[in-house]
Amino acid sequence: QVQLVESGGGSVQTGGSLRLSCAASRYTASDDFMGWFRQAPGKEREAVATLYTGGGHTYYADSVKGRFTISQDNAKNSLYLQMNSLAPEDTAMYYCAADLLRSDYDPRSPKSFAYWGQGTQVTVSS
């Protein structure tokens, strides 16, 4: 079991920046995936960015490429999402996810992950 706690959400204006953090309660595997997902009201949860904790295999949704950066700090058991040039369409609840249920599952699918945080709200106003 691992508990994930997100922080860093808030309200910003268009063009602003936020840095989300996800603290894991224990060491996360060095050969698994972690990621950030988001869900806007009335919409399905979607992958924003994921990474392979062993290095490489970073994925970004087309809508955030060039604006968001996912990173990890293994010493702190933490995952981050730096979000720049925020737009109103980025408004959503953002969730941290860890550990694929099976190694062959697609890390871009929210159904693939075993552990989830409670979410942190990001609101971008125009």
Side-chain angles (χ1 to χ4, degrees):
Q1 285 282 351
V2 59
Q3 283 74 49
L4 303 173
V5 179
E6 302 98 333
S7 60
S11 297
V12 296
Q13 293 188 329
T14 297
S17 298
L18 286 172
R19 186 185 190 225
L20 305 184
S21 298
C22 171
S25 61
R26 62 156 174 78
Y27 172 75
T28 52
S30 61
D31 60 349
D32 211 320
F33 282 85
M34 295 187 73
W36 290 97
F37 290 75
R38 67 186 181 187
Q39 188 167 18
K43 294 188 176 182
E44 293 186 353
R45 191 169 297 189
E46 62 175 359
V48 175
T50 65
L51 61 73
Y52 178 64
T53 56
H57 300 289
T58 302
Y59 163 82
Y60 292 97
D62 287 342
S63 59
V64 307
K65 282 180 181 177
R67 300 189 298 124
F68 291 9
T69 303
I70 188 171
S71 62
Q72 61 179 337
D73 185 334
N74 291 336
K76 296 182 179 180
N77 295 338
S78 294
L79 185 73
Y80 305 98
L81 185 68
Q82 178 66 43
M83 305 186 296
N84 299 327
S85 301
L86 283 161
E89 51 266 35
D90 296 316
T91 295
M93 186 71 80
Y94 283 69
Y95 298 91
C96 174
D99 295 0
L100 294 182
L101 290 164
R102 279 179 41 169
S103 61
D104 59 343
Y105 279 6
D106 185 349
R108 296 167 297 179
S109 170
K111 297 179 181 180
S112 298
F113 283 87
Y115 302 109
W116 292 86
Q118 81 291 348
T120 185
Q121 178 67 38
V122 172
T123 302
V124 185
S125 58
S126 58

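What's counted below: heavy atoms across the whole structure, side chains too, no hydrogens, waters or symmetry copies. Numbers here simply count residues along the sequence, with the first being 1.
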Rounded to the nearest 0.5 Å, what's the gap from [atom1] on [X] to [atom2] on [Y]? Could you check?
{"X": "Leu79", "Y": "Ser71", "atom1": "CG", "atom2": "OG", "answer": "7.0 Å"}
{"X": "Gln13", "Y": "Thr123", "atom1": "CD", "atom2": "OG1", "answer": "12.5 Å"}
{"X": "Glu44", "Y": "Glu46", "atom1": "CD", "atom2": "CD", "answer": "9.5 Å"}
{"X": "Gln118", "Y": "Met93", "atom1": "CD", "atom2": "CE", "answer": "8.5 Å"}
{"X": "Thr14", "Y": "Leu86", "atom1": "OG1", "atom2": "CG", "answer": "8.5 Å"}
{"X": "Asn77", "Y": "Thr53", "atom1": "CG", "atom2": "OG1", "answer": "11.0 Å"}

Margin query: I'd like to know if the side chain of Arg26 reaches the main chain of Gln1, judged simply by a donor and an acceptor atom lying under 3.5 Å from each other, with no hydrogens or angles considered.
Written below: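 Yes.
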Check: Are any side-chain N or O atoms of Thr120 and backbone N or O atoms of Tyr94, one a donor and one an acceptor, separated by less than 3.5 Å?
Finding: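 No.
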Next item on the list: Provide the full list of side chain to side chain donor-acceptor pair (under 3.5 Å) pairs with a residue in residues 78-87, sequence neighbours left out, each pair given once.
Entry: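 For residues 78-87, and leaving out neighbouring residues, the side chain to side chain donor-acceptor pair (under 3.5 Å) pairs sorted by first residue read Ser17-Asn84, Gln82-Asn84.
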Next item on the list: Take Glu6 and Leu20, measure what side chain to side chain contact (heavy atoms under 4.5 Å, CB included) needs, and give me the verdict at the end.
Entry: CA-CA 7 Å; Glu6 302 98 333; Leu20 305 184; over 6 Å; no
Next item on the list: Take the angle between the ring planes of His57 and Tyr52 and call it parallel below 30°, perpendicular above 60°, tilted in between.
Entry: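 Geometry flag for Tyr52 against His57: perpendicular rings.
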Validation row: [X], [Y] side chains within 4.5 angstrom (heavy atoms):
{"X": "Asp32", "Y": "Met34", "value": "no"}
{"X": "Ser112", "Y": "Pro107", "value": "no"}
{"X": "Arg38", "Y": "Ser63", "value": "yes"}

Note to self: Please give me the minimum heavy-atom distance between Leu4 and Ala24, naming the atom from each residue.
What the structure shows: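 For Leu4 versus Ala24, the nearest heavy atoms are CD2-CB, 3.8 Å.
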Check: Considering all heavy atoms of both residues, which atom of Gly35 and which atom of Ile70 are nearest to each other, and what is their separation?
Finding: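 Shortest heavy-atom contact: CA-CD1, 4.2 Å.
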Margin query: Checking Leu51 against Tyr60 for the side chain to side chain contact (heavy atoms under 4.5 Å, CB included) test, could you report, in this order, the C-alpha distance in whole Å, the side-chain angles of both residues, the deciding distance, and whether it holds?
Written below: CA-CA 9 Å; Leu51 61 73; Tyr60 292 97; over 6 Å; no
Next item on the list: Please test Asp90 against Arg67 for side chain to side chain contact (heavy atoms under 4.5 Å, CB included), starting from the C-alpha separation and ending with a verdict.
Entry: CA-CA 11 Å; Asp90 296 316; Arg67 300 189 298 124; 2.8 Å; yes
Margin query: A quick test of your reading: do over 12 heavy atoms of other residues, nucleotides or ligands sit less than 6.0 Å from CZ of Arg108?
Written below: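 Result for CZ/Arg108: open.
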Checklist line | Glu89 CD: over 12 foreign heavy atoms closer than 6.0 Å | finding: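 Yes, enclosed.
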Checklist line | Pairs where residues 101-126 contributes a residue and the test ring-ring contact (aromatic ring centres under 6.0 Å, His included) is met, not counting sequence neighbours | finding: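 Every pair satisfying ring-ring contact (aromatic ring centres under 6.0 Å, His included) with a residue in residues 101-126: Phe37-Phe113, Phe37-Trp116.
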Notebook entry, point to check: What pairs with Ser109 under side-chain hydrogen bond (donor to acceptor under 3.5 Å, both in side chains), at least two apart in sequence or on another chain?
Noted result: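 Expected list: none.
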